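Naming: A, B, ... by sequence-line order, numbering from 1 per chain. Owing to the predicted nature of the structure, the values given are computational and were not obtained by experimental measurement.
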Protein chains: 2
Amino acid sequence: MSRPSVRDRLTDAALTLFDERGYEQTTVEDIVERAGVGRTTFFRHYGSKEAVIFPDHDRLLDAVRDRLTTSSHATGLVAVSDAVRLVLLHYLEEGDLARRRYALTSKVAALRDREIASVGRYQRLFREFITDWMGDRTPGASLRAEIMAAAVVSAHNHVLRRWLRGECADPVAEIDEAMRDVIALFAPAGTPQGTTDRSTDGTTVLAFRSDQDLDALLPELRRLLTGSSKG
Amino acid sequence: MSRPSVRDRLTDAALTLFDERGYEQTTVEDIVERAGVGRTTFFRHYGSKEAVIFPDHDRLLDAVRDRLTTSSHATGLVAVSDAVRLVLLHYLEEGDLARRRYALTSKVAALRDREIASVGRYQRLFREFITDWMGDRTPGASLRAEIMAAAVVSAHNHVLRRWLRGECADPVAEIDEAMRDVIALFAPAGTPQGTTDRSTDGTTVLAFRSDQDLDALLPELRRLLTGSSKG
DNA sequence: CATACTTACGGTACTGAGTCCCACCAGGGG
DNA sequence: CCCCTGGTGGGACTCAGTACCGTAAGTATG
């Protein structure tokens, strides 16, 4: 039986020390001393002190990108949902490491910021994909794409955090349900839930601002509801 | 005529140097040399090198928190929309500084990460407020709250970026429209339940979603406009 | 006017992250 | 045998950020 790899020794040493004396109180010097390697070796394996806790985020990001580009068969949000499930599964496979990371990011502000920043990268990826998929024919399409990406990522984070806190037995089932909710949120009402299946678009979304009485507004209201069914 | 304050000299020197030779290529030493002050003084005014570009984010965050806690008169998403408008107006008042910051965050990854992290703080604030406001009676309420917060923040960022890029003449009008869209997105379909906010300046903002005829909606509409704000 | 107290500033020295370079030492062909 | 290559260790360096101390300029108080 061979000794564990240098990389593993480093992660072990780092996480142990982070637990013992806290993240900021642990220097890279401490880590390499416990791991029994040189300081240079640490930075060769992990580009920074933070990176010990966030391993191969880049590779996962690439995997997500690949999944998105090769899944043109599915409609936009469904493809994104698939990619998101990929991310969640990655965390699930990490198992204990993911939970230790969560404990750390909950305490250390710098790590929480880094976590958020890396989430932002996924969101950016999704946004670009959805924007590309929708094409910004209509004004407001890019806004809609952005909100979609944000919603998808939020759903993922929500389920992930529930699992990390141990509040969730079957995260895969929950992510699927959450994704269905998100898709239903953006799908034109009437079609997915089958409440009232009208031909084109039974939904009426109305938003206006006025300082007049309702009765004074009625003609304008009626005009909005009958005339402009925004296509 | 007195010389500009130390703080202003520091920001000027920093931004100029960042433009000239880039962010990473500029040391704090360079900045203080050009500003004609000591190195210690720099860190007294700005806690870090990045903070020169992101001034008083903490104060703005506090302002948003105050606005949220004191705006119990409005329903959840409307209160959040008001707070978001506050943030946007802050950026608009910054004017040139905001644009220079945008140019920098577009190039330097570290700064972009910091920007995203600070946006995450707003989102967290909104999420907590909405969660609190909705109360998680139903399962999935906290997920919904999280998505709402994400959507609101996304809308803000979208309009802000458009303004920063000079693609947008009237950002306040756009943010209001975007917020109406967001509110309409989350208003439940089928039942003409909507949100109203009539306390600001005599104007009434109404947003709802329905698949029924206007005539069928009228009673509910009238209830929203007359009864609900009284309680 | 003199004495304290306060506030802002500058300087020095230090820690710690991250980089660079060079030297070492395996193994694996020629 | 030498050469080449990849992983390693060490030492020196840059730079951000902190701690501490000394000092000059107000400002109140006697």
Side-chain angles (χ1 to χ4, degrees), chain A residues 2-18 20-58 101 104-105 107-115 117-118, chain B residues 2-18 20-58 101 104-105 107-115 117-118:
Chain A
S2 61
R3 289 176 74 191
S5 74
V6 173
R7 218 184 142 92
D8 290 344
R9 290 217 306 279
L10 281 173
T11 20
D12 274 359
L15 287 176
T16 306
L17 288 174
F18 290 165
E20 281 179 12
R21 28 180 129 162
Y23 177 79
E24 276 119 352
Q25 283 67 40
T26 305
T27 73
V28 177
E29 196 76 33
D30 298 333
I31 299 174
V32 298
E33 184 187 1
R34 174 179 267 253
V37 297
R39 215 176 81 95
T40 315
T41 306
F42 177 91
F43 287 106
R44 251 191 286 266
H45 285 274
Y46 300 103
S48 72
K49 183 181 166 188
E50 297 175 350
V52 191
I53 317 180
F54 303 98
D56 51 48
H57 255 347
D58 294 338
R101 184 194 307 125
L104 282 171
T105 51
K107 284 177 191 163
V108 186
L111 298 178
R112 181 169 48 241
D113 285 355
R114 161 131 189 184
E115 174 86 36
S118 88
Chain B
S2 62
R3 291 175 73 190
S5 74
V6 173
R7 217 184 143 92
D8 290 343
R9 289 217 307 277
L10 280 172
T11 17
D12 275 358
L15 287 176
T16 307
L17 288 173
F18 291 165
E20 281 180 13
R21 28 179 129 164
Y23 176 78
E24 275 119 352
Q25 283 66 40
T26 305
T27 73
V28 176
E29 197 74 34
D30 298 334
I31 300 174
V32 299
E33 185 186 3
R34 174 179 268 253
V37 297
R39 215 176 83 94
T40 314
T41 305
F42 177 90
F43 287 106
R44 252 192 286 266
H45 285 273
Y46 299 103
S48 73
K49 183 181 166 187
E50 296 174 351
V52 191
I53 318 179
F54 303 99
D56 51 46
H57 255 346
D58 294 337
R101 183 194 306 126
L104 282 171
T105 52
K107 284 177 192 164
V108 186
L111 298 178
R112 181 167 49 240
D113 285 356
R114 161 132 190 181
E115 175 86 34
S118 86

How far apart are the C-alpha atoms of D30(A) and Q25(A), what are their side-chain angles, what is the distance that settles it, and do they pass the side-chain contact (heavy atoms from CB on, under 4.5 Å) test? CA-CA 10 Å; D30(A) 298 333; Q25(A) 283 67 40; over 6 Å; no

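When all heavy atoms of F54(B) and L111(B) are compared, the pair lying nearest together is CZ-O, 3.7 Å. In this structure, R39(B) and V28(B) approach most closely via the heavy-atom pair CG-CG1, 4.2 Å. Listed here is the closest heavy atom pair of V52(B) and F42(B): CG2-CZ, 3.3 Å.
For H45(B), a side-chain nitrogen or oxygen approaches OP1 or OP2 of dC9(C) to under 4.0 Å.
The CD atom of E33(B) sits 15 Å away from the C1' atom of dG10(C) (whole-angstrom rounding). A straight line from CD1 of I31(B) to P of dG10(C) spans 15 Å, rounded to a whole angstrom. We find that CD of Q25(A) is positioned 14 Å from P of dT18(D), with the value rounded to whole Å. Counting to the nearest Å, the C1' atom of dT19(C) and the CZ atom of F42(A) are 14 Å from each other.
In summary, E24(B) and K49(B) do not engage in a salt bridge, as defined by a charged side-chain N under 4.0 Å from a carboxylate O.
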Which letters describe nucleotides 11-17 of chain C, given B = protein heavy atom under 4.0 Å from base, S = only from sugar-phosphate, - = neither? BB---SS

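Taking CZ from F18(A) and CG from L104(A), the interatomic distance works out to 7.0 Å, rounded to the nearest 0.5 Å.
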